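Worksheet for the structure shown next.
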Amino acid sequence: MLDINKIRADFPILTQKVNGKPLVYFDNGATSQKPKVVIDAIVKYYEEINANIHRGVHTLSQLATDAYEVSRGKIQNHINAKFPYEVIFTAGTTHGINAIANGFASILKAGDEVMVSALEHHSNIVPWQMLCEKTGAKLVVIPMNEEGELILSEFDKLLSDKTKIVTVNHISNALGTLNPIKYIIDKAHQFGAAVLIDGAQAVPHLKPNVQELDCDFYVFSGHKICGPTGTGVLYGKEEWLRKLPPYQGGGEMIATVSFEKTTYADLPHKFEAGTPNIAGGIVLGTAIDYLNEVGFENIQAYEHELLEYATSKLLEIEGLRIFGTAKEKTSVISFNIDGIHPYDIGTIIDKLGIAVRTGHHCAQPIMDFYKIPGTIRASFAFYNSKEEIDIFVEAVKKAKTMLS
Ligand SMILES: *Cc1c(COP(=O)(O)O)cnc(C)c1O
């Protein structure tokens, strides 16, 4: 089991006061806090081995390159990719999705279909709309129900030989729904479509197994799993990464360059143009080690407890409605209180030291579905506590009294 006091002591920011009150950080869906080991590893990199990678023969460059590749190996093991070169370092989920959407521009033709879901983050909608504009392909949307679950019978009907790629999130950032991605991947493959999974909200809670899932692409951000901002991972099956053109041109991604013809570097470098976030990439490995030490089974069990506890406490508040009541969901609670704008509650509880997200959560289509401008979203991590939930619930009650 998880020793919550020990865990909390790993995160320096959790002792901060905000507006004179102890910080209650429930905006983990937007970004996670960083444990001391990760912060220290960033400093250590710059103090001891900072150099550019893959370029010099000198010792520091070799040390930095080795550390970067060790981290790639850690990520490979963590997600169970078959080869290290199937792991591409990116700047984050958005970068990974754009790289693949851009690559598909060379494959799609007018009349082909790109399928997204009603539950997507804007990052997993807009790049595909841009792709459709470029190629004449059509964007098709898997609908959702009131509970915030995808309607699989509709998905089945939408699939056809025209479907070239299906792209869905593993877990919805706005509602917390855990999507049946194995079903979606297998079904899409029966029609020869590729599948990209946006794992940004899943990796903080579970360890994806890309070979078992058999997805073609899996993308996530480092900053949502205790790593630095500006880091991320694009996993792609080797055959796809070979088939797709590079996303960006530049240094590091070439084999030879002349003005007549440039040949591209082998994987993974073909997709890693320019000097990357070296410290960030290395430290992402440190963050993954840390999470594995805590243990994903412990994380899941504990977060589930927090979710149940907070859900029942919040539902005692009259006029409070939770959006996203899927049977399978993670520790995200999106809610509104009758007649009160979410932003007003967010502002009042911020004064009490509580950080939640208010608004559409980069998922406007979901808000349109429910015909609301936005919600208040409390998203819990394994370093949150029941005491914090009590403080939060009291604050929401207080805000409600003030605003009604
Ligand atoms: C956060 C998030 C993204 C975008 O991630 P960035 O780190 O901003 O690139 C995409 N999809 C989902 C589901 C997310 O939660």
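Fair warning: this is a prediction, and the values are worked out from it, not measured in the lab.
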Checklist entry - Looking at OG1 of Thr90 and CD1 of Ile100, how far apart are the two atoms once the value is rounded to the nearest 0.5 Å? => result 10.0 Å
Next on the checklist: Holding to side-chain contact (heavy atoms from CB on, under 4.5 Å), I want the full list of residues that pass it with Arg242, two or more places apart in sequence or in another chain.
Outcome noted: Tyr85, Glu238, Asp266, Leu267
Checklist entry - Do Tyr235 and His78 have their ring centres less than 6.0 Å from each other? => result no
Checklist entry - Among all residues two or more places apart in sequence or in another chain, which pass the side-chain contact (heavy atoms from CB on, under 4.5 Å) test with Phe259? => result none
Next on the checklist: Would you compute the distance between atom CD of Glu297 and atom NZ of Lys207 and round it to the nearest 0.5 angstrom?
Outcome noted: 10.0 Å
Next on the checklist: Quick check: closest heavy atoms across Pro12 and Ile39, and the distance to 0.1 Å?
Outcome noted: CG-CD1, 4.1 Å
Checklist entry - Within the side chain of Asn169, is there an N or O that forms a donor-acceptor pair under 3.5 Å with the backbone of Leu119? => result yes
Item to check | Backbone of Gly374 reached by a side-chain donor or acceptor of Asn336 within 3.5 Å | outcome: yes
Checklist entry - When you measure from the side chain of Ser71 to the backbone N and O of Gly281, does any donor-acceptor pair fall under 3.5 Å? => result yes
Item to check | Short side-chain to backbone donor-acceptor contact, Glu149 and Thr177, under 3.5 Å | outcome: no
Checklist entry - Do you know which two heavy atoms are closest between Thr375 and Ser334, and how far apart they sit? => result OG1-OG, 2.9 Å
Checklist outcome for this item: Heavy atoms of Ala118 and Pro365 approach each other most closely as O-CB, 4.5 Å
Checklist entry - Is it the case that Thr65 and Gln62 place a side-chain donor and acceptor less than 3.5 Å from each other? => result no
Checklist entry - What do the steps show when you test Leu306 against Ile389 for side-chain contact (heavy atoms from CB on, under 4.5 Å), and what is the final call? => result CA-CA 8 Å; Leu306 293 181; Ile389 290 171; 3.8 Å; yes
Checklist entry - Can you check side-chain contact (heavy atoms from CB on, under 4.5 Å) on Thr229 and Asn277, steps first, answer last? => result CA-CA 10 Å; Thr229 51; Asn277 181 350; over 6 Å; no
Next on the checklist: For His223, is there any backbone N or O sitting under 3.5 Å from a side-chain donor or acceptor partner on Lys34?
Outcome noted: yes
Checklist outcome for this item: salt bridge (Lys or Arg N to Asp or Glu O under 4.0 Å) pairs touching residues 74-94, sequence neighbours excluded, are Lys74-Asp289
Checklist entry - Listed by chain and number, what are the salt bridge (Lys or Arg N to Asp or Glu O under 4.0 Å) partners of Asp112, not counting sequence neighbours? => result Lys109
Item to check | Sidechain-backbone polar pair: Thr167 side chain, Val116 backbone, donor-acceptor under 3.5 Å | outcome: no
Checklist entry - Would Gln211 and Ile79 satisfy side-chain contact (heavy atoms from CB on, under 4.5 Å), going step by step from the backbone distance to the final call? => result CA-CA 8 Å; Gln211 287 190 74; Ile79 65 175; over 6 Å; no
Checklist entry - Can you list the residues that meet the salt bridge (Lys or Arg N to Asp or Glu O under 4.0 Å) rule with Asp368, with sequence neighbours excluded? => result none
Item to check | Any Phe155 side-chain heavy atom under 4.5 Å of Leu150 side chain | outcome: no
Next on the checklist: Which label fits Phe380 and Phe26: parallel for a plane angle under 30°, tilted from 30 to 60°, or perpendicular past 60°?
Outcome noted: perpendicular
Checklist entry - Does any non-hydrogen side-chain atom of Thr286 lie less than 4.5 Å from one of Tyr290? => result no
Next on the checklist: Applying salt bridge (Lys or Arg N to Asp or Glu O under 4.0 Å) as the test, list every pair that has at least one member in residues 43-52; sequence neighbours left out.
Outcome noted: Lys44-Glu48
Checklist entry - Could you give all pairs that pass the salt bridge (Lys or Arg N to Asp or Glu O under 4.0 Å) test and reach residues 267-287, with sequence neighbours left out? => result Arg72-Glu272
Item to check | By salt bridge (Lys or Arg N to Asp or Glu O under 4.0 Å) - contacts of Asp344 (at least two apart) | outcome: none
Tell me which donor-acceptor pairs under 3.5 Å the side chains of residues 125-136 have, and how far apart each pair is, sequence neighbours excluded?
{"from": "Trp128", "atom 1": "NE1", "to": "Asn124", "atom 2": "OD1", "distance (Å)": "2.7"}
{"from": "Thr135", "atom 1": "OG1", "to": "Leu131", "atom 2": "O", "distance (Å)": "2.8"}
{"from": "Thr135", "atom 1": "OG1", "to": "Ala137", "atom 2": "N", "distance (Å)": "3.2"}

Checklist entry - Salt bridge check: are Glu305 and Lys386 linked by an N-O gap of less than 4.0 Å? => result yes
Next on the checklist: Tell me if the OH atom of Tyr343 is crowded by more than 12 foreign heavy atoms within 6.0 Å.
Outcome noted: no
Next on the checklist: Before you tell me yes or no, could you show the steps for Glu120 and Ser117 under side chain to side chain donor-acceptor pair (under 3.5 Å), namely the whole-Å CA-CA distance, both residues' side-chain angles and the distance that decides it to 0.1 Å?
Outcome noted: CA-CA 6 Å; Glu120 299 312 308; Ser117 95; 2.5 Å; yes
Next on the checklist: So for atom NZ, which belongs to Lys21, do other residues, nucleotides or ligands contribute more than 12 heavy atoms lying within a distance under 6.0 Å?
Outcome noted: no
Checklist entry - Can you tell me if Asn384 uses its side chain to pair, donor with acceptor, with the backbone of Ala381 under 3.5 Å? => result yes
Checklist outcome for this item: One should read off an interatomic distance between Lys187 NZ and Leu158 CG, to the nearest 0.5 angstrom, of 12.0 Å
Checklist entry - Quick check: does any side chain N or O of Tyr25 sit under 3.5 Å from a backbone N or O of Ile13, one acting as donor and the other as acceptor? => result no
Checklist entry - Does any N or O in the side chain of Asn292 come within less than 3.5 Å of the main-chain N or O of Ile288, such that one atom is a donor and the other an acceptor? => result yes
Checklist outcome for this item: Rounding to 0.5 Å, atoms CD1 (Ile197) and CG (Asn179) come to a distance of 8.5 Å
Checklist entry - Under 6.0 Å from the CD atom of Glu318, do we count more than 12 heavy atoms belonging to anything else shown? => result no
Next on the checklist: Under the rule for salt bridge (Lys or Arg N to Asp or Glu O under 4.0 Å), what residues qualify as partners of Glu146, not counting sequence neighbours?
Outcome noted: Arg321
Without placing hydrogens or testing angles, list every side-chain donor-acceptor pair under 3.5 Å for residues 212-221, not counting sequence neighbours.
{"from": "Glu212", "atom 1": "OE1", "to": "Asn209", "atom 2": "ND2", "distance (Å)": "3.4"}
{"from": "Asp214", "atom 1": "OD1", "to": "Lys237", "atom 2": "NZ", "distance (Å)": "2.9"}
{"from": "Asp214", "atom 1": "OD2", "to": "His189", "atom 2": "ND1", "distance (Å)": "3.4"}
{"from": "Asp216", "atom 1": "OD1", "to": "Lys237", "atom 2": "NZ", "distance (Å)": "3.3"}
{"from": "Asp216", "atom 1": "OD1", "to": "Trp240", "atom 2": "NE1", "distance (Å)": "3.1"}
{"from": "Asp216", "atom 1": "OD2", "to": "His189", "atom 2": "NE2", "distance (Å)": "2.8"}
{"from": "Asp216", "atom 1": "OD2", "to": "Val195", "atom 2": "N", "distance (Å)": "2.8"}
{"from": "Tyr218", "atom 1": "OH", "to": "His170", "atom 2": "ND1", "distance (Å)": "2.8"}
{"from": "Ser221", "atom 1": "OG", "to": "Thr93", "atom 2": "N", "distance (Å)": "3.0"}
{"from": "Ser221", "atom 1": "OG", "to": "Thr93", "atom 2": "OG1", "distance (Å)": "2.5"}

Checklist entry - When you check the gap from the basic side-chain N to the acidic O, do Lys182 and Asp186 get nearer than 4.0 Å? => result yes
Checklist entry - Quick one: does Arg377's side chain get under 4.5 Å of Asp27's, heavy atoms only? => result yes
Checklist entry - If you count the non-hydrogen atoms of other residues, nucleotides and ligands that lie under 6.0 Å from NZ in Lys138, is the total more than 12? => result no
Checklist entry - Is the closest side-chain heavy-atom distance between Ile142 and Ile151 below 4.5 Å? => result no
Checklist entry - Quick one: are the ring centres of Tyr68 and Phe89 less than 6.0 Å apart? => result yes
Checklist entry - Around Tyr264, counting heavy atoms of other residues, nucleotides and ligands shown, do more than 12 lie under 6.0 Å from its OH? => result no
Checklist entry - Leu403 and His341: side-chain contact (heavy atoms from CB on, under 4.5 Å), yes or no, with the steps? => result CA-CA 9 Å; Leu403 292 165; His341 198 281; over 6 Å; no
Next on the checklist: Using modelled atom types and a 3.5 Å cut-off, is there a donor and acceptor pairing between side-chain atoms of His121 and backbone atoms of Ser123?
Outcome noted: yes
Checklist entry - For His122, what residues pass the ring pair (Phe, Tyr, Trp, His ring centres under 6.0 Å) criterion, not counting sequence neighbours? => result His360
